[in-house]
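A short worksheet on the structure shown next.
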Amino acid sequence: MPSIKDCLARAELPRLELRMLLEHVLERPRAWMLAHDDESLSSDQLYQFNCLLQKRLAGEPMAYLIGRRSFMEFELQVTPEVLIPRPETELLVEKSLALISDLKKPALLDLGTGSGAIAIALSRVRPDASVTATDASQGALYVAKGNARRLGVQITFCYGNWFDALERGQLFDLIVSNPPYIHQDDEHLLKGDLRFEPAVALTDGKDGLSALDEIVTKAPMWLKTGGSLWVEHGYDQGQSVRYLLRQAGFDDVRTDPDLAGLDRISGGVWRR
């Protein structure tokens, strides 16, 4: 049987990805593998490794193959039921934390939580906050609840489409969302990791603005006076989202860029 060293020397994938697959199969950390790289894999381990290798060569995302992805310095379990958390979304978390920095026991809402990345990140930094997270996928909520439980945070999870998941009368200091915003005809949906991620978490099946429009239009009913709404969107949608926010009556409307200088999140304050 091949050794750990032999598997790491295979040419089909970058060494980092080979190591991650081996760590997953062997259930051992990198340090252990470095110290035992002459050890041979069992026939079952070799079979598992080769299966994962072939799936990766077919394009399946590493996050789904090993079942986890890092976000905001903690690790989330992910499955094909949820969108793979991305660094760009950390900007939305950082913005949210800045907005609630002066508030005591803020009420926060994460719409379309997926793996729970945003809600969990907010709750970890602000354990005093009351955090609610919704999703229209029971599979996604199962993953999110598991992540929250494993990371020791208290979040109220609600099943339903956007605000339909909530009880009437609830009001929030901040609403955030990373909704599906890719145009249905965008060629990127047929490339890379996006081919394997849940379509409903990527595109609205239309022009990429319908979910954003619904969230912006309905958000005022669920915001406290002085509360804020911030959403993630595509690099070319900043102007359109700012228009939606102003049409809905939001003040102090603005767009913040990501690290690449591209429009990434937009929001405003509700003062009516």
Side-chain angles (χ1 to χ4, degrees), residues 14-17 20 59 61-64 66 68-78 82-102 106 108-126 129 131 133 144 147 151 153 174-183 186-198 201-204 208-209 211-212 215-216 228-245 250 252-269:
R15 185 180 177 88
L16 173 61
E17 294 190 0
M20 292 171 67
M62 285 294 297
Y64 290 156
I66 64 175
R68 62 183 187 275
R69 173 58 64 90
S70 294
F71 182 81
M72 297 291 293
E73 300 183 355
F74 59 91
E75 196 168 79
L76 291 163
Q77 292 182 344
V78 295
V82 300
L83 197 69
I84 299 170
R86 289 171 168 79
E88 293 86 350
T89 303
E90 295 183 5
L91 176 64
L92 186 57
V93 174
E94 292 166 356
K95 183 70 178 185
S96 299
L97 291 172
L99 289 168
I100 62 173
S101 62
D102 294 331
L108 314 178
L109 172 63
D110 174 24
L111 294 171
T113 194
S115 65
I118 296 173
I120 291 171
L122 294 174
S123 187
R124 280 169 60 89
V125 178
R126 291 294 304 267
V131 183
N147 280 323
L151 292 166
V153 295
L174 174 66
I175 299 174
V176 293
S177 182
N178 177 20
Y181 54 73
I182 301 177
H183 193 290
D186 193 313
E187 61 181 13
H188 291 92
L189 292 171
L190 305 176
K191 299 178 180 179
D193 289 355
L194 299 189
R195 295 172 295 163
F196 298 89
E197 296 184 79
L202 295 168
T203 178
D204 56 5
L209 287 170
L212 287 161
I215 290 170
V216 171
S228 299
L229 168 69
W230 277 81
V231 295
E232 182 174 331
H233 52 73
Y235 72 94
D236 58 350
Q237 294 175 320
Q239 182 175 348
S240 296
V241 176
R242 290 194 299 275
Y243 173 79
L244 293 174
L245 287 161
F250 283 88
D252 301 336
V253 172
R254 59 172 292 173
T255 296
D256 286 358
D258 58 23
L259 293 177
L262 302 173
D263 285 356
R264 185 56 58 192
I265 61 172
S266 294
V269 179

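Keep in mind the model is a prediction, meaning the values are calculated, not measured.
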*With rounding to the nearest 0.5 Å, note down the distance linking OG in S177 to NE2 in H233.*
12.0 Å
*Does a side-chain N-to-carboxylate-O contact under 4.0 Å join R254 and D256?*
yes
*Salt bridge or not for E197 and R69, using N-O below 4.0 Å?*
no
Is any side-chain heavy atom of [X] closer than 4.5 Å to a side-chain heavy atom of [Y]?
X	Y	result
T113	I118	no
D263	D236	no
L111	I215	yes
V241	Y181	no
V153	V131	no
L108	V176	no
V253	Y243	no
P106	L174	no

Ignoring hydrogens and geometry, is there a side-chain-to-backbone donor-acceptor pair from [X] to [Y] under 3.5 Å?
X	Y	answer
R124	M72	no
S123	I120	no
D204	P180	no

Contacts of [X] that satisfy side-chain hydrogen bond (donor to acceptor under 3.5 Å, both in side chains) - sequence neighbours left out:
X	value
D258	R264
D193	none
R68	E75
R242	T255

*Would L122 and D110 satisfy side-chain contact (heavy atoms from CB on, under 4.5 Å), going step by step from the backbone distance to the final call?*
CA-CA 10 Å; L122 294 174; D110 174 24; 5.8 Å; no
*asked:* Other residues, nucleotides and ligands only: do more than 12 of their heavy atoms fall within 6.0 Å of CZ on R15?
replied: no
*Does F74 CZ have over 12 foreign heavy atoms under 6.0 Å away?*
yes
_Using the rule given for side-chain contact (heavy atoms from CB on, under 4.5 Å), can you reason through L212 versus V231, listing the C-alpha separation, both sets of side-chain angles and the distance that settles it, and then say yes or no?_
CA-CA 8 Å; L212 287 161; V231 295; 3.7 Å; yes
*Listed partners of L16 passing side-chain contact (heavy atoms from CB on, under 4.5 Å), at least two apart*: R19, M20
*asked:* Could you work out, with side-chain contact (heavy atoms from CB on, under 4.5 Å) as the rule, every residue matching S240, not counting sequence neighbours?
replied: L209
